[in-house]
Amino acid sequence: MPPPLDPRDVYAADRPNQMSPVVKDFPARVYVPNTLSNTVTVIDPATYKVIDTLQVGDEPQHVVPSWDLKTLWVNNDLGNTLTPIDPATGKAGATVDVHDPYNLYFTPDGKYAVVMASADHQLVFRDAHTMKTVKAIPSQCDGVNHADFSPDGRYFLVSCEFSGDLLKVDTAKMEIVAQQKIPFTGSMPQDVKISPDGKVWYVADMVANGVWELNGDTFSKPTLLQTGAGAHGLYVSRDSKQLYISNRGEGSISVLDFATGKLVHKWWIPGGGSPDMGGVSADGKVLWLSGRYNSVVYALSTADGRLLAKIPVGDGPHGLCVYPQPGRYSLGHTGVFR
């Protein structure tokens, strides 16, 4: 894998507007998969206006940038397909058959896609370009959904939404090497993110109403930092100083300071809402989040949390993708870049 630009910061390549030559001419867009409408809404972030609606497969969950940054993959979970979007034109291409693609990641060397086949109870390693299956491994848990990779790419941690488990997976061996139950009754772990220095892993939990913190190397027992009801999505600021945590159950965003490990802000969406998945604008000034149960998308200022826009989209908006973003390559989900 390409080594980190800075061994002390895995997000060093994600600075404001630090675009790869691959994406520098792509128009800035926000792609919103609507799980109940079977569409992707396309928003112009400069005007906060919807400019297109793409018909895709059944129950699109996430829009995922490919490792090489050239393609956006729409995960049509119940449709058992991926729909490619050309980010240069914003147009959808012919679907590719992939069973149960709830979420999608890429190994840091760019060789394999990792399909989070939640209903199939599998992690499926596929060729990153053809999407042909290379190896499918039983997940040993219920509801595999989100992940992140260690700084050296040798392992990744996976959350299991419906059984409250965490998995540690050896990337090269394509094997689960450790598993543990989160110490909270009814736990529903969601998004996973690593700290810039690679020492702390954060796992959002909708039922525990906060983020779990653990050491990935030792796979230590996690400890809970409460943030708000329905903690769900995790996004790193462009300066690698803060973590934005969407609390879907109460319509708020908590802001964690990496240096101190403390919560420093809580931003409330006026009138409430259901902030879910999303991403940070290329310049770092806007946090985009889907409103899962409100058929809208929120754009919030990262300076003070002020609501900049609330944009009507389709029904059940979920894993929206802000694109393009800074970074040399994508590890998947709605945009995890290194």
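Below, each value reflects all heavy atoms present in this structure, side chains not excepted, and no hydrogens, waters or symmetry copies.
Here CG of Leu300 is found 9.5 Å from CH2 of Trp288. Values are rounded to the nearest 0.5 Å.
With hydrogens and angles left out, the side-chain atoms of Thr95 and Asn76 include no donor and acceptor closer than 3.5 Å.
Ring to ring, Tyr102 and His62 are close: their centroids are under 6.0 angstrom apart. For an aromatic pair to be called close, the ring centres must be under 6.0 Å apart, and Phe156 with Trp201 fails this.
Between Arg338 and Asp9 there is no salt bridge, since no side-chain nitrogen of the basic residue lies less than 4.0 Å from a carboxylate oxygen of the acidic one. Salt bridge status for Lys168 with Glu175: absent, with no side-chain N to carboxylate O gap under 4.0 Å.
At distances below 3.5 Å, not a single donor-acceptor pair connects side-chain atoms of Ser187 with backbone N or O atoms of Gly164. With Asn294 contributing its side chain and Val296 its backbone, the two residues share no donor-acceptor pair below 3.5 Å. In this structure, Asp205 contributes its side chain and Met188 its backbone to a donor-acceptor pair below 3.5 Å. Although no hydrogens or angles enter the test, the distance criterion places a donor-acceptor pair under 3.5 Å between the side chain of Gln180 and the main chain of Phe219. Checking side-chain atoms of Ser37 against main-chain N and O of Asp315 turns up a donor-acceptor pair under 3.5 Å.
The cationic atom of Lys193 (NZ for Lys, CZ for Arg) lies less than 6.0 Å from the six-membered ring centre of Tyr235 and within 45° of the ring axis.
Within a 6.0 Å radius of NZ in Lys310, other residues, nucleotides and ligands contribute more than 12 heavy atoms. Counting heavy-atom neighbours within 6.0 Å of Lys70 NZ, excluding the residue itself, gives a total of 12 or less.
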Identify all side-chain donor-acceptor contacts of residues 225-233 below 3.5 Å with residues at least two apart in sequence or on another chain.
| from | atom 1 | to | atom 2 | distance (Å) |
| --- | --- | --- | --- | --- |
| Thr227 | OG1 | Asn247 | OD1 | 2.9 |
| His232 | NE2 | Asp276 | OD1 | 3.2 |

